[in-house]
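For reference, the structure discussed in these notes is given below.
For ligands, and for the atoms within them, numbers begin at 1 and follow the listed sequence.
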Amino acid sequence: MIKSYLMVVKQDEKSQNIANILKEKLNGILEYNESEPDLIISIGGDGTMLYALHEYFHLVDQVYFIGVHTGTLGFYTDYLADEIDELVADIKKGEYTINKRAVLDVEVIDENGTAQYYALNEMRIENPHYTQVLHVYINEEHLETFRGNGLCISTPSGSTAYNKSLGGAVIHPDLEVMQLSEVAGIQHNAYRSLGSSIVLGKEQTVTLTCDRFDGVFIGIDQYSYNLKPFKKINVSLSSHSVQCIQYRPLTFISRIKRSFIS
Ligand code: NAP
C-alpha cells in the first residue's frame with residue numbers, strides 16, 4: 001500500500017509551481033517522506049525522471065516511479081502539468097498496475113578493480129577525437145572489431161532516446177532485451193562491422209575491449225566519465241528493474257504516437 005511519497009522537481013518555475021500545488025493537494029492523502037518513500041513523483045521531463053531514477057536507485061526494488069510532464073518531450077511521463085487533479089484523484093483511488101522496466105548492469109574492469117554502473121536509457125562508449133576501435137564479444141565469442149565513433153547499448157525504455165537517433169529499433173518496454181547500436185561505424189573494404197543494431201537477451205553479456213584509450217569516454221544516461229585504460233567492459237541486463245506505477249491506461253503505442261508522430 002502506498003502511504004508516502006517524495007518529489008523530484010526540475011529547477012524551473014513551472015515545475016516548482018506544479019510541485020507546490022501537488023504537495024498541497026496530496027496533504028492528508030500521502031505523507032511526504034524524504035528517506036523511505038513508497039512513491040517517487042518526478043516533475044519535469046524525461047531528463048528529470050532519469051535524474052530521479054539515478055538519485056534513488058538504492059531504493060529501486062521497493063519504490064514506484066511516476067512522472068508529471070513539464071519538459072520538452074516527456075516520453076516517460078504519464079500526466080501533463082494541467083492533469084494534477086486527475087493524478088491526485090487516481091492516487092486517492094489507489095488502483096494501479098506496475099510495469100517493470102529493464103536496467104543495464106555495466107562493469108568497467110581495470111587493474112584497480114571493478115566499477116559498477118546502472119544504465120536506465122543506455123551506456124555509450126564514444127570518442128569524439130579519434131576513430132575508436134572496440135573489440136566486441138557476445139558471451140566471450142568474438143563478434144566484430146568495430147571502428148567508428150563508438151557503440152551504444154540501450155534498454156527498451158532507452159530505445160526511444162539516443163538509440164533512436166542512431167537508427168536503432170524502438171523496442172516495446174515489456175521485453176527483457178538490450179540493443180547494441182553503432183555510432184558512425186566505418187564500413188568499407190578494409191574495415192567492416194555488422195552495420196546494423198543487434199538485439200540481445202538475458203542470457204547474453206556484451207564484452208568490449210580496446211587497445212587505445214586517448215579521449216574515450218563512457219556515457220551512462222545523462223552522465224559521462226573519461227575512461228582510463230580498462231581491461232574490459234561487461235554489459236548485461238540487471239536483476240534490478242525500475243517499477244513504474246500506472247494509474248490509468250496509456251499504451252506504449254499511444255506514447256510513441258504522442259511523442260514522435262502526431
Ligand atoms: P536531456 O536533455 O536530459 O535529454 C535529451 C532529450 O532526450 C530530451 O528531449 C529528453 O526528454 C529526451 N529523452 C531522454 N530519455 C528519453 C527516452 N527514454 N525516450 C525518449 N526521449 C528521451 O539530455 P542529457 O542529459 O544529455 O541525456 C539524457 C539522455 O538524453 C541520454 O540518456 C540520451 O539517451 C539522450 N540523448 C539523446 C541524444 C540524441 O538523440 N542525439 C543526444 C544526447 C542525449 P525531455 O525533454 O522530456 O527531458
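For atom 40 (O) of ligand 1, the closest non-hydrogen atom of the protein is S165 OG, 2.4 Å. Remark: minimum distance from atom 8 (C) of ligand 1 to any protein heavy atom is reached at T72 OG1, 4.5 Å. Nearest non-hydrogen protein atom to atom 30 (O) of ligand 1 is N121 ND2, 4.8 Å. Closest protein heavy atom to atom 43 (C) of ligand 1: Y162 CD1, 4.9 Å. Looking from atom 24 (P) of ligand 1 to the surrounding protein, the closest heavy atom is Q222 CB, 4.0 Å. What sits closest to atom 19 (N) of ligand 1 on the protein, heavy atoms only, is T160 OG1, 2.7 Å. Of all protein heavy atoms, the one closest to atom 1 (P) of ligand 1 is G47 CA, 4.8 Å. Remark: minimum distance from atom 14 (C) of ligand 1 to any protein heavy atom is reached at D46 CB, 3.5 Å.
Shown here, atom 6 (C) of ligand 1 is out of close reach of the protein: none of its heavy atoms lies under 4.0 Å off. Note that atom 45 (P) of ligand 1 has protein non-hydrogen atoms nearby, at separations under 4.0 angstrom. Within a 4.0 Å radius of atom 22 (C) of ligand 1, the protein contributes at least one heavy atom. Within a 4.0 Å radius of atom 32 (O) of ligand 1, the protein contributes one or more non-hydrogen atoms.
More than 12 heavy-atom neighbours from other residues, nucleotides or ligands sit within 6.0 angstrom of CD on Q62.
Annotation: cation-pi pair K164/F260 present, NZ/CZ under 6.0 Å from the ring centroid and within 45° of its normal. In this structure, R258 is not positioned above the aromatic face of F75 in the sense of NZ or CZ being under 6.0 Å from the six-membered ring centre and within 45° of the axis. With a 6.0 Å cutoff to the six-membered ring centre and a 45° limit on the axis angle, K228 does not count as a cation-pi contact of F213.
Here the closest non-hydrogen pair linking D105 and S238 is OD1-OG, 3.2 Å.
A donor and an acceptor atom, one from each side chain of T209 and H135, are nowhere located under 3.5 Å apart. For the residue pair T205 / S236, no side-chain donor-acceptor distance below 3.5 Å is found, with atom types taken as modelled. T70 and S15 are linked by a side-chain donor-acceptor pair at a separation below 3.5 angstrom, with hydrogens and angles left out of the test.
Both the backbone and the side chain of A161 come within 4.0 Å of ligand 1, counting heavy atoms alone. Neither the backbone nor the side chain of S154 has a heavy atom within less than 4.0 Å of ligand 1. The proximity of E122 to ligand 1, defined as any non-hydrogen pair under 4.0 Å, is limited to the side chain.
Heavy-atom contacts of F75 reach the following atoms of ligand 1: 19 (N), 20 (C) (cutoff under 4.0 Å). Within ligand 1, the atoms closer than 4.0 Å to a non-hydrogen atom of G45 are 47 (O), 48 (O), numbered from 1 in the order shown. Those atoms of ligand 1 with a heavy atom of Y76 less than 4.0 angstrom away are 18 (N). Taking every heavy atom of G74 and a limit of under 4.0 angstrom, the matching atoms of ligand 1 come to 47 (O).
Aromatic pair F217/Y225: ring centres not closer than 6.0 Å. A ring-centre distance under 6.0 Å is found for H240 and Y118. Here H54 and Y223 bring their ring centres to under 6.0 angstrom of each other.
Contact annotation: the side chain of I186 approaches that of T131 to within less than 4.5 Å [non-hydrogen atoms, C-beta and beyond].
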